[in-house]
Amino acid sequence: MLKKVNLKSAVDAVDKLYVYEKIGRLNGHNLSVVNVENRTLDFHIHENSDELFYVIKGSFHLEVDEGLIKVDEGELIIVPKGTRHRPVVRALTKFLMIELDGTLNKENSGDLYES
């Protein structure tokens, strides 16, 4: 049976920060919602997969070697595989993430630290 998902309702149902809640799968990719606040990842690279950030609510900066890119509510950004990057999140931001299964792990996602 087909299942529809309301992104705003799904992300609002996540009551903790930094918890990826899987809401679906698409061709081997995980679709997850997550709430993030006052966090910056270390620079990192995903060698085997692109990564998509869609901002449901809030905004953040994606830092790449060329500088900072601001991504606002309703916008998305795709980070091509092999691109050195790190998300920089100040205020509460709610995301949809689309990543190849197995993309995020301690070896390739950078360590979280307070900024």
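We use all heavy atoms of the structure for the numbers below, so side chains are in, but hydrogens, waters and symmetry mates are not. Residue numbers count from 1 along this sequence.
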With rounding to the nearest 0.5 angstrom, report the [atom1] to [atom2] distance, [X] to [Y].
X	Y	atom1	atom2	result
Y54	I78	OH	CD1	13.0 Å
E99	D50	CD	CG	11.0 Å
I45	T83	CD1	OG1	8.0 Å
I77	I69	CD1	CD1	4.0 Å
M97	L52	CE	CG	7.5 Å
Y20	N35	OH	CG	11.0 Å

How close do [X] and [Y] get, counting heavy atoms only, and between which atoms?
X	Y	answer
R86	L41	CD-O, 3.0 Å
V34	V19	CG2-O, 3.6 Å
N48	L100	O-CD2, 4.0 Å
A91	E37	C-CG, 4.1 Å

Practice task
For the pair H85 and H44, evaluate side-chain contact (heavy atoms from CB on, under 4.5 Å) and give the outcome as yes or no after the intermediate values.
Solution key: CA-CA 6 Å; H85 67 286; H44 60 282; 3.2 Å; yes
Are [Y] and [X] connected in a single hydrophobic cluster, I mean Ile/Leu/Val/Met/Phe/Trp/Tyr linked by side-chain heavy atoms less than 4.5 Å apart?
X	Y	answer
L96	F60	no
L26	I56	yes
V55	L76	no
I98	Y18	no

Exercise for the section: Answer yes or no: does atom CD of E21 have more than 12 heavy-atom neighbours from other residues, nucleotides or ligands under 6.0 Å? Expected result: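 At most 12 heavy atoms, drawn from other residues, nucleotides or ligands, come within 6.0 Å of this atom.
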Exercise for the section: Applying side-chain contact (heavy atoms from CB on, under 4.5 Å), run through E73 and K57 and close with a yes or a no. Expected result: CA-CA 5 Å; E73 189 170 312; K57 183 175 182 182; 3.7 Å; yes
For residues 10-17, which side-chain N or O atoms pair as donor and acceptor with protein atoms under 3.5 Å away, sequence neighbours left out?
unit_1: D12; atom_1: OD1; unit_2: K94; atom_2: NZ; d: 2.6

Handout entry: Test item: side-chain donor near acceptor, N30 and R25, under 3.5 Å
Key =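 Per modelled atom types, N30 and R25 side chains form a pair under 3.5 Å.
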Problem - Worked verdict on F53 versus V71 for side-chain contact (heavy atoms from CB on, under 4.5 Å) - result: CA-CA 9 Å; F53 295 85; V71 185; 5.9 Å; no
Exercise for the section: Measure from the side-chain N and O atoms of T93 to the backbone N and O of S59, and report whether any donor-acceptor pair falls under 3.5 Å. Expected result: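 Yes: the side chain of T93 pairs with the backbone of S59.
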Practice task
Find out whether L7 and I23 are in side-chain contact, i.e. whether some heavy atom of one side chain is under 4.5 Å from a heavy atom of the other.
Solution key: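 L7 reaches I23 side chain to side chain.
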Handout entry: Evaluation steps, side-chain contact (heavy atoms from CB on, under 4.5 Å), between T40 and R90
Key = CA-CA 8 Å; T40 300; R90 299 288 179 237; 3.7 Å; yes
